[in-house]
*Asks:* 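Got a structure for you, questions after.
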Amino acid sequence: MNGVNVATNSTPDQLLRLAQDLARRAGAHARSGRASGMHVVGTKLTDTDMVTKFDRESEAMIVAGLRESRPDDSIIGEEGAGHRGSSGIEWHVDPIDGTTSFMYGLPTWCVSIGARDAQGGLVGAVYMPDLDEMFAARRGGGATLNGKTIACSSQSEASKALVATGFSYTPAHRTVQSLRVTEFIHRIRDVRRMGAAAVDICFVACGRLDAYFEENLHSWDVLAAELIAREAGARCGDFSGGPLRPAEVLVSAPGVFDDLSAILVDAMRKHPHA
């Protein structure tokens, strides 16, 4: 693969360029492939949690590029790719976040590539091919959209917050999650559902949304986007305000985080999972 050649002792800027290059290449491949016709090859958790041939091909492209440029790094991919390295850097890859949107021709899908080390998130690239938008960040270096610095919103009133969320593929869990939303939708501006965690988090990072919450995600869903949001000034945590974990993700403008946290905890108390 003719990707970016990166030495083992690369700087974060070089790692970020690699992530952006691979995300753009994989996204272009998936987008052009979709134009030639959809090919669903299976499902994961439920019949509505689909996998296309482009998910698998895109992941293979990204993994090949990482292995060529960074042979000593570890890799974890949504579609099963894995490699245990010795460098202390670990890549988390979601080749198509928002597969349903991708299948339906909606623009709210992306390629997400993030890397972390012992200190946490190191670099992140989230590319939306249909919009040609590249969100990117490196730890301590701020966040950008197509090379321009971005920042989260300054919203300080939960009642005026535009909040995104996602729902489980498991019908019973989705029903409970929708009931929780009924507990507080009258206490915020409104709710949006894009269908891709990384997209929602990046939209918080650039101020298109004031907050996003979801549960039962995976590391490849959030690693890159969380770093981008943090570098854009957003506050990230679990629903109770503790450290963010894939099981519970709340990312918001700092001014509404505590109020939204209280709202979510109250809604979960009223509608716990069975």
Side-chain angles (χ1 to χ4, degrees), residues 12 16 92 97 108 110 112 114-116 119-126 128 133-166 177 180-181 183-194 196-217 219 221-269:
L16 182 55
H92 291 247
D97 186 14
T108 51
C110 68
S112 177
R116 69 183 180 191
Q119 286 73 52
L122 181 60
V123 300
V126 174
M128 300 181 68
E133 291 191 339
M134 176 70 76
F135 295 87
R138 63 171 177 81
R139 188 168 62 218
T144 61
L145 167 55
N146 288 348
K148 296 183 179 180
T149 300
I150 56 175
C152 67
S153 84
S154 58
Q155 185 58 255
S156 60
E157 298 179 51
S159 63
K160 297 180 180 178
L162 184 61
V163 181
T165 191
Q177 289 164 343
R180 291 174 184 166
V181 173
E183 294 290 337
F184 60 79
I185 192 169
H186 60 289
R187 300 174 62 184
I188 60 176
R189 185 186 297 274
D190 208 346
V191 172
R192 294 290 183 268
R193 169 140 164 74
M194 309 298 172
V199 170
D200 286 329
I201 296 171
C202 286
F203 280 8
V204 174
C206 70
R208 293 174 182 168
L209 295 168
D210 298 305
Y212 159 77
F213 73 94
E214 192 168 351
E215 58 188 318
N216 300 324
L217 296 171
S219 63
D221 295 313
V222 298
L223 179 63
E226 180 198 3
L227 177 63
I228 292 166
R230 285 186 184 277
E231 290 294 327
R235 184 173 166 189
C236 306
D238 66 10
F239 293 171
S240 300
L244 184 146
R245 48 198 174 90
E248 289 184 5
V249 174
L250 173 58
V251 178
S252 80
V256 295
F257 187 96
D258 288 334
D259 287 344
L260 292 177
S261 171
I263 287 171
L264 289 173
V265 169
D266 184 57
M268 292 180 70
R269 179 183 59 79

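For the numbers below, each heavy atom of this structure counts, side chains included, while hydrogens, waters and symmetry mates do not.
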*Asks:* Any side-chain to backbone donor/acceptor pair from Glu157 onto Ser159? Under 3.5 Å, distance only.
*Replies:* no
*Asks:* Could you pull out the closest heavy-atom pair between Pro254 and Gly233, with the gap in Å?
*Replies:* CG-O, 3.2 Å
*Asks:* Over all heavy atoms of both residues, which pair between Met128 and Cys110 is shortest? Give the atoms and the distance, please.
*Replies:* CG-CB, 4.0 Å
*Asks:* Please give me the minimum heavy-atom distance between Asp266 and Arg269, naming the atom from each residue.
*Replies:* OD1-NH2, 2.7 Å
*Asks:* Does a side-chain heavy-atom distance below 4.5 Å link Tyr212 with Val249?
*Replies:* yes
*Asks:* Ignoring hydrogens and geometry, is there a side-chain-to-backbone donor-acceptor pair from Glu248 to Phe239 under 3.5 Å?
*Replies:* yes
*Asks:* Verify side-chain hydrogen bond (donor to acceptor under 3.5 Å, both in side chains) between Gln177 and Glu215, making sure each step is shown before the conclusion.
*Replies:* CA-CA 9 Å; Gln177 289 164 343; Glu215 58 188 318; 3.2 Å; yes
*Asks:* Would you check, one step at a time, whether the test side chain to side chain contact (heavy atoms under 4.5 Å, CB included) holds for Asp210 with Val163?
*Replies:* CA-CA 6 Å; Asp210 298 305; Val163 181; 5.7 Å; no
*Asks:* Are any of the side-chain heavy atoms of Ile188 and Leu260 separated by less than 4.5 Å?
*Replies:* yes
*Asks:* Out of curiosity, Arg189 CZ to Leu209 CG, how far, rounded to the nearest 0.5 Å?
*Replies:* 11.5 Å
*Asks:* With sequence neighbours left out, what residues match Phe257 under ring-ring contact (aromatic ring centres under 6.0 Å, His included)?
*Replies:* none
*Asks:* Quick one: CD1 on Ile185 to CD1 on Ile263, what's the gap to the nearest 0.5 Å?
*Replies:* 12.0 Å
*Asks:* Roughly how far, to the nearest 0.5 Å, is the OG1 atom of Thr108 from the CZ atom of Arg192?
*Replies:* 13.0 Å
*Asks:* Under 3.5 Å, sequence neighbours excluded: what are the donor-acceptor pairs made by side chains of residues 201-208?
*Replies:*
unit_1, atom_1, unit_2, atom_2, d
Arg208, NH1, Glu133, OE1, 2.9
Arg208, NH2, Glu133, OE1, 3.4
Arg208, NH2, Glu133, OE2, 2.9

*Asks:* Between Arg235 and Asp258, does any side-chain N to carboxylate O distance fall below 4.0 Å?
*Replies:* yes
*Asks:* Enter the distance from His186:NE2 to Glu183:CD here, rounded to the nearest 0.5 Å.
*Replies:* 8.0 Å
*Asks:* Report the residues that fulfil salt bridge (charged side-chain N to carboxylate O under 4.0 Å, His left out) with Asp238, sequence neighbours left out, ordered by chain and then residue number.
*Replies:* Arg245
*Asks:* Ignoring hydrogens and geometry, is there a side-chain-to-backbone donor-acceptor pair from Thr165 to Phe213 under 3.5 Å?
*Replies:* yes
*Asks:* Between Asp97 and Ser112, does the side-chain hydrogen bond (donor to acceptor under 3.5 Å, both in side chains) criterion hold? Intermediate values first, please.
*Replies:* CA-CA 7 Å; Asp97 186 14; Ser112 177; 6.0 Å; no
*Asks:* Please answer whether the main-chain N or O of Gly121 pairs with a side-chain N or O of Arg139 as donor and acceptor at a distance below 3.5 Å.
*Replies:* yes
*Asks:* Would you say the side-chain atoms of Asp190 pair up with the backbone N or O of Leu162, donor to acceptor, closer than 3.5 Å?
*Replies:* no
*Asks:* Can you tell if the side chain of Arg138 reaches within under 4.5 Å of the side chain of Leu122, non-hydrogen atoms only?
*Replies:* no
*Asks:* Would a 4.5 Å heavy-atom cut-off, applied to side chains only, mark Ser261 and Leu250 as touching?
*Replies:* yes
*Asks:* Quick one: are Ile150 and Phe135 in side-chain contact, heavy atoms under 4.5 Å?
*Replies:* yes
